[in-house]
Amino acid sequence: MAPTVATPISESSNITDLVVTNGNGVKGLSEMGLKTLPKQYIQPVEERITVSNILPQESIPIIDMSNWDELKVSESICDAAEKCGFFQIINHGVPIEVLENVKDATHRFFNLPAEEKRKFSKENSPSNSVRFGTSFSPEAEKALEWKDYLSLFYVSEDEASALWPSACKDQVLEYMRGSEPVIQRLLEALMKRINVKEIDETKESLLMGSKRINLNYYPICPNPELTVGVGRHSDVSTLTILLQDNIGGLYVRGNNDSWVHVPPVSGSLVINVGDALQIISNGRYKSIEHRVAASGSKNRISVPIFVNPRPCDMIGPFSEVLARGEKALYKQVLYSDYVKHFFRKAHDGKNTIEFAKI
Ligand SMILES: COc1cc(/C=C/C(=O)SCCNC(=O)CCNC(=O)[C@H](O)C(C)(C)COP(=O)(O)OP(=O)(O)OC[C@H]2O[C@@H](n3cnc4c(N)ncnc43)[C@H](O)[C@@H]2OP(=O)(O)O)ccc1O
Ligand SMILES: O=C(O)CCC(=O)C(=O)O
Ligand SMILES: [Fe+2]
């Protein structure tokens with residue numbers, strides 16, 4: 001049995017040192033066998049995830065991509081992106097083995113000793129494109145989130161081979177390669193509906209010029225009802241392709257104050273519209289708030305690929321969308337400014353996009 005700590009860790013002023021600075025993460029905290037949640041993780045009541053505002057009868061669409069060429073498949077994708085901003089895809093063509101391998105690689109990385117993972121912390125990492133961290137923006141948050149992550153910004157295969165952690169790099173790269181055709185197809189379908197007939201070089205850069213993959217680890221939490229794995233946010237990507245394991249805990253904003261669970265479906269990928277696509281489509285496609293509950297009994301992992309514009313791109317509504325006289329809702333913003341604005345503050349739901357509103 002795991003030992004209990006003599007001084008309640010919740011009273012320790014060194015929690016930030018232990019988790020954030022020393023690289024133990026919340027995984028290290030969880031494995032100390034603590035019985036109560038440290039106060040730093042207690043979320044305000046309104047941010048906690050309670051059964052009272054979950055709609056069990058609601059769900060997001062599940063789209064079968066096996067007959068990709070059929071019009072009804074692309075129609076379903078565009079409808080889901082307009083109405084829900086979130087959907088799951090099955091028979092998408094990424095081999096199950098590739099998905100299983102990346103999940104195993106995620107566990108392998110997080111099971112490394114703290115001193116190995118610490119080599120990739122913001123202070124120690126050999127590159128800005130590789131970062132091991134915890135919570136979201138610990139310096140900016142009033143309450144921390146119960147999550148550790150490894151974030152990998154893709155620059156090139158060579159850079160990834162040289163600098164990404166060897167515990168996971170091959171499997172992560174294989175997953176990124178395998179998901180490429182899915183990303184292309186989804187974006188082609190979504191663009192057709194907004195009158196963009198061809199994705200030329202400029203548009204390719206704006207839609208998918210950079211990619212970031214995060215490996216998320218949510219360890220068992222002593223009081224899951226008092227905290228969150230990830231707080232309410234929308235992604236700042238164009239599209240996010242999310243692989244989750246079989247534990248569950250991802251919730252998407254439904255109508256009004258309600259939340260809808262995204263159940264694990266074996267072999268599926270969860271797709272969501274990010275802020276960049278909401279801006280590019282002048283609000284036609286919606287980036288929807290989502291959040292993750294902490295679990296009291298299981299360690300959970302997820303692996304989102306954030307498909308983004310390049311940091312140096314200016315983004316704004318595409319001219320094709322405005323061609324029929326539609327009024328622009330968003331101004332042109334430098335994408336890296338937008339992302340920095342996102343990371344500068346704690347998660348705060350759909351407020352990030354205000355930065356780009358006219
Ligand atoms: C971590 O938990 C998360 C993450 C998310 C992410 C959702 C997304 O949609 S990620 C898509 C992000 N888009 C990109 O990566 C686009 C391309 N990248 C960039 O434009 C730049 O790399 C940059 C992210 C803007 C960083 O620019 P740079 O000029 O190099 O400046 P820095 O000083 O390195 O960073 C600025 C500021 O942001 C913080 N930060 C940077 N990268 C990350 C990261 N991967 N994770 C967390 N925080 C990051 C960094 O700490 C800096 O803040 P300081 O206070 O230290 O100045 C969704 C949900 C989650 O829970
Ligand atoms: O873990 C999940 O299911 C979702 C994580 C998430 O929303 C994110 O990393 O942006
Ligand atoms: Fe997200």
Side-chain angles (χ1 to χ4, degrees), residues 20 25-26 60 85-86 88 103 106 120-123 125 127-141 144-155 205-206 208-218 228-253 261-264 268-278 287-295 299-313 315 333-350 352-353:
V20 183
V26 275
I60 62 164
F86 255 89
Q88 304 211 53
K103 286 192 266 182
T106 301
F120 301 99
S121 70
K122 188 178 168 185
E123 293 71 25
S125 180
S127 155
N128 254 349
S129 3
V130 183
R131 176 180 305 200
F132 167 64
T134 190
S135 193
F136 174 62
S137 286
E139 294 81 11
E141 289 163 338
L144 295 171
E145 299 180 350
W146 195 259
K147 179 197 77 173
D148 298 328
Y149 68 89
L150 175 71
S151 186
L152 303 166
F153 185 66
Y154 179 86
V155 176
S205 168
L206 289 165
M208 49 186 298
S210 79
K211 293 198 186 74
R212 181 182 287 284
I213 187 161
N214 281 7
L215 314 187
N216 293 327
Y217 192 92
Y218 308 90
V228 293
V230 180
R232 290 180 301 114
H233 70 285
S234 58
D235 293 343
V236 292
S237 53
T238 312
L239 279 185
T240 303
I241 320 298
L242 178 98
L243 172 65
Q244 62 168 336
D245 65 12
N246 61 357
I247 310 297
L250 170 62
Y251 292 88
V252 174
R253 175 72 90 179
H261 188 232
V262 180
S268 78
L269 291 168
V270 180
I271 310 294
N272 63 284
V273 172
D275 293 351
L277 185 56
Q278 176 163 333
S287 70
I288 300 294
E289 256 183 322
H290 51 286
R291 59 186 186 173
V292 178
S295 164
N299 298 313
R300 174 176 186 266
I301 57 149
S302 70
V303 188
I305 299 177
F306 301 106
V307 181
N308 311 303
R310 286 180 307 166
C312 59
D313 282 326
I315 61 162
V333 291
L334 180 66
Y335 186 61
S336 64
D337 284 348
Y338 191 80
V339 179
K340 280 184 202 166
H341 171 69
F342 173 65
F343 283 130
R344 207 175 289 136
K345 55 191 178 48
H347 279 136
D348 65 346
K350 277 290 290 180
T352 311
I353 208 160

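We count ligands from 1, going down the list as the structure has it; atoms in each ligand are counted the same way. What you see is a predicted model, and the numbers here were worked out from it, not measured in a lab.
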* How close does the nearest protein non-hydrogen atom get to atom 11 (C) of ligand 1, and which residue and atom is it? -> Asn308 OD1, 3.5 Å
* Closest protein heavy atom (residue, atom, distance) for atom 35 (O) of ligand 1 -> Arg131 NH2, 4.7 Å
* Structure fact -> Numbered in order shown, the ligand 1 atoms found under 4.0 Å of a heavy atom of Phe342 are 5 (C), 6 (C), 7 (C), 58 (C)
* Asked: Should Val292 and Lys147 count as side-chain neighbours, where that means a heavy-atom distance under 4.5 Å?
  -> no
* To do: Identify, for atom 30 (O) of ligand 1, the protein heavy atom at the shortest distance, and state residue, atom and that distance.
  => Asn128 ND2, 3.9 Å
* Beyond-backbone contact of Val230 with Phe136, side-chain heavy atoms, under 4.5 angstrom -> no
* Go through ligand 1 atom by atom and flag the ones less than 4.0 Å from a non-hydrogen atom of Tyr335. => 13 (N), 16 (C)
* Asked: Ser237 near ligand 1, heavy-atom distance under 4.0 Å?
  -> yes
* Asked: Parallel, tilted or perpendicular for His341 and Tyr338, by the 30°/60° rule?
  -> tilted
* To which protein heavy atom is atom 52 (C) of ligand 1 closest, and what is the distance rounded to 0.1 Å? -> Lys122 NZ, 4.5 Å
* Per atom 1 (C) of ligand 1, closest listed option by heavy atom (Tyr149, Phe132, Tyr154, Tyr338) -> Tyr149
* Contact check, Lys147 vs ligand 1, heavy-atom distance below 4.0 Å -> yes
* Asked: Please state which protein non-hydrogen atom is closest to atom 25 (C) of ligand 1 and give its distance, to 0.1 Å?
  -> Lys340 CG, 3.6 Å
* Hey, does Arg344 sit under 4.0 Å from ligand 1 if you only count heavy atoms? -> no
* Nearest protein heavy atom with distance in Å, relative to atom 23 (C) of ligand 1 -> Val339 CG1, 4.2 Å
* Asked: Mind checking whether Ser151 has an N or O less than 3.5 Å away from an N or O of ligand 1?
  -> yes
* **Proximity of Asn214 to ligand 1 by residue part, where a heavy atom lies under 4.0 Å** => side chain
* Asked: Please state which protein non-hydrogen atom is closest to atom 42 (N) of ligand 1 and give its distance, to 0.1 Å?
  -> Phe343 CE1, 3.8 Å
Dump all N/O pairs between ligand 2 and the protein below 3.5 Å as a table: atom names plus distance, one pair per row.
residue, atom, partner, partner atom, Å
ligand 2, 1 (O), Tyr218, OH, 2.6
ligand 2, 1 (O), Arg300, NH1, 2.9
ligand 2, 1 (O), Ser302, OG, 2.7
ligand 2, 3 (O), Arg300, NH1, 3.3
ligand 2, 3 (O), Arg300, NH2, 2.8
ligand 2, 7 (O), His233, NE2, 3.2
ligand 2, 7 (O), His290, NE2, 3.0
ligand 2, 9 (O), Asn216, ND2, 3.2
ligand 2, 10 (O), His233, NE2, 3.1
ligand 2, 10 (O), Asp235, OD1, 3.2

* Applying a strict 4.0 Å limit to heavy atoms, is Arg212 in contact with ligand 1? -> yes
* Which residue owns the protein heavy atom closest to atom 20 (O) of ligand 1, what's the atom, and how far is it? -> Pro311 CB, 3.4 Å
